[in-house]
Amino acid sequence: AAATAAPSSSPPPPPRPAPPPLSRYESQKRRDWNTFGQYLKNHRPPLSLARCSDAHVLEFLRYLDQFGKTKVHTQMCPFFGHPSPPAPCPCPLRQAWGSLDALVGRLRAAYEENGGKPESNPFGAPAVRLYLREVRDLQSKARGVSYEKKKRKKPQQDRRHPPLPPAAT
């Protein structure tokens, strides 16, 4: 005879609602963090997050250049400084500065969300900021693209009606 299970006195708990889907930013941040973690794991010798320094971050950013899609002309190239060259050239493809800048921002946030201390965050190190500035300046010159910050326009006041005086109290 087969043993029968005792009837349970309470109904099973209702299934938990699925967590809301991650935003595009959060999904990208998670993917970037996993990619960086894989990079540390494949590093020779493998690196723990605690031993990761700004030098390792720079090494990672240079490693990513091989997957870049942005043509960066060398100074010897006849198209140096042209944003839209009329013909192909052998200049290397690199990660675009804007992509690297956004990546570093996401990894900087992910580092702290994954237990890293803000004061030891290698993604916020001065050497990383300097590297990003150098990449921006080099790409700006090589591609003839300005990366000037856009200035916000001040709201125009309606010239027909002067602003109202403050209310008397």
Side-chain angles (χ1 to χ4, degrees), residues 19-158:
L22 294 177
S23 69
R24 185 172 172 207
Y25 171 81
E26 292 296 330
S27 297
Q28 186 65 54
K29 184 169 57 171
R30 181 181 286 177
R31 262 194 312 275
D32 294 340
W33 185 249
N34 291 338
T35 300
F36 185 69
Q38 197 62 45
Y39 176 79
L40 292 179
K41 208 179 289 179
N42 293 336
H43 193 274
R44 293 287 163 240
L47 277 170
S48 68
L49 188 58
R51 294 194 48 231
C52 178
S53 70
D54 55 354
H56 298 114
V57 171
L58 295 175
E59 192 177 272
F60 175 66
L61 296 176
R62 289 184 186 110
Y63 157 79
L64 290 178
D65 264 342
Q66 67 184 308
F67 308 110
K69 297 179 181 109
T70 299
K71 179 74 75 169
V72 179
H73 302 289
T74 63
Q75 287 191 324
M76 304 299 289
C77 179
F79 305 131
F80 182 82
H82 290 274
S84 303
C89 67
C91 293
L93 293 174
R94 302 262 189 247
Q95 289 290 334
W97 163 76
S99 299
L100 289 176
D101 190 48
L103 170 72
V104 168
R106 289 189 300 267
L107 288 173
R108 186 175 183 174
Y111 178 85
E112 293 174 20
E113 289 170 12
N114 286 279
K117 293 184 172 77
E119 59 275 7
S120 64
N121 191 330
F123 298 99
V128 174
R129 287 197 304 272
L130 180 63
Y131 175 77
L132 288 173
R133 189 176 315 133
E134 287 171 354
V135 168
R136 182 193 65 196
D137 293 347
L138 173 83
Q139 289 188 7
S140 175
K141 288 178 186 139
R143 299 177 58 230
V145 177
S146 171
Y147 288 119
E148 303 292 317
K149 275 192 174 176
K150 292 185 175 132
K151 293 192 168 105
R152 288 193 177 145
K153 290 183 179 176
K154 291 181 183 171
Q156 293 287 324
Q157 283 191 350
D158 190 346

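Scanning all heavy atoms of the two residues, the minimum distance from Glu112 to Pro118 falls at OE2-CA, 3.4 Å. Summarising the geometry of Ala87 relative to Phe79, their closest heavy-atom pair is O-CE1, 3.3 Å, with the distance given to 0.1 Å. Here the closest non-hydrogen pair linking His73 and Pro85 is NE2-CG, 3.6 Å. Of all heavy-atom pairs spanning Tyr25 and Gly105, the tightest one is OH-O, 4.4 Å.
Atom CG in Leu61 sits 11.5 Å away from atom OG in Ser99 (nearest 0.5 Å). We find the SG-CE distance between Cys91 and Met76 to be 10.5 Å, quoted to the nearest 0.5 Å. Taken from CZ in Arg62 to CG in Leu64, the straight-line distance is 11.5 Å, to the nearest 0.5 Å. The line from CG of Leu103 to CZ of Phe60 is 5.5 Å long, rounded to the nearest 0.5 Å.
Side-chain contact check for Pro92 versus Thr74: some heavy-atom pair is nearer than 4.5 Å. A heavy-atom distance below 4.5 Å is not found between the side chains of Asp101 and Val135. At least one side-chain heavy atom of Cys52 sits under 4.5 Å from a side-chain heavy atom of Phe36.
Every residue two or more places apart in sequence or in another chain was checked for a salt bridge (Lys or Arg N to Asp or Glu O under 4.0 Å) with Lys71, and none qualifies. In terms of the side-chain contact (heavy atoms from CB on, under 4.5 Å) criterion, residue partners of Arg108 (sequence neighbours excluded) are, by chain and number, Asn121, Phe123. Scanning for side-chain contact (heavy atoms from CB on, under 4.5 Å) contacts around Glu134 gives Leu130, with sequence neighbours left out. Under the side-chain contact (heavy atoms from CB on, under 4.5 Å) criterion, Lys69 pairs with no residue at all, not counting sequence neighbours. With sequence neighbours left out, the side-chain contact (heavy atoms from CB on, under 4.5 Å) criterion links Pro78 to no other residue.
For Asp65 (side chain) and Gln95 (main-chain N/O), a donor-acceptor pair under 3.5 Å exists by modelled atom type.
The list of side-chain hydrogen bond (donor to acceptor under 3.5 Å, both in side chains) pairs with a residue in residues 46-59, not counting sequence neighbours, reads Tyr39-Glu59, His43-Glu59, Ser53-His56. The stretch residues 28-37 participates, sequence neighbours left out, in these side-chain hydrogen bond (donor to acceptor under 3.5 Å, both in side chains) pairs: Glu26-Lys29, Gln28-Arg31, Gln28-Asp32, Lys29-Glu113, Asp32-Arg106.
By the neighbour-count criterion of 12 heavy atoms within 6.0 Å, atom CD of Gln75 is sparsely surrounded, having that number or fewer from other residues, nucleotides or ligands.
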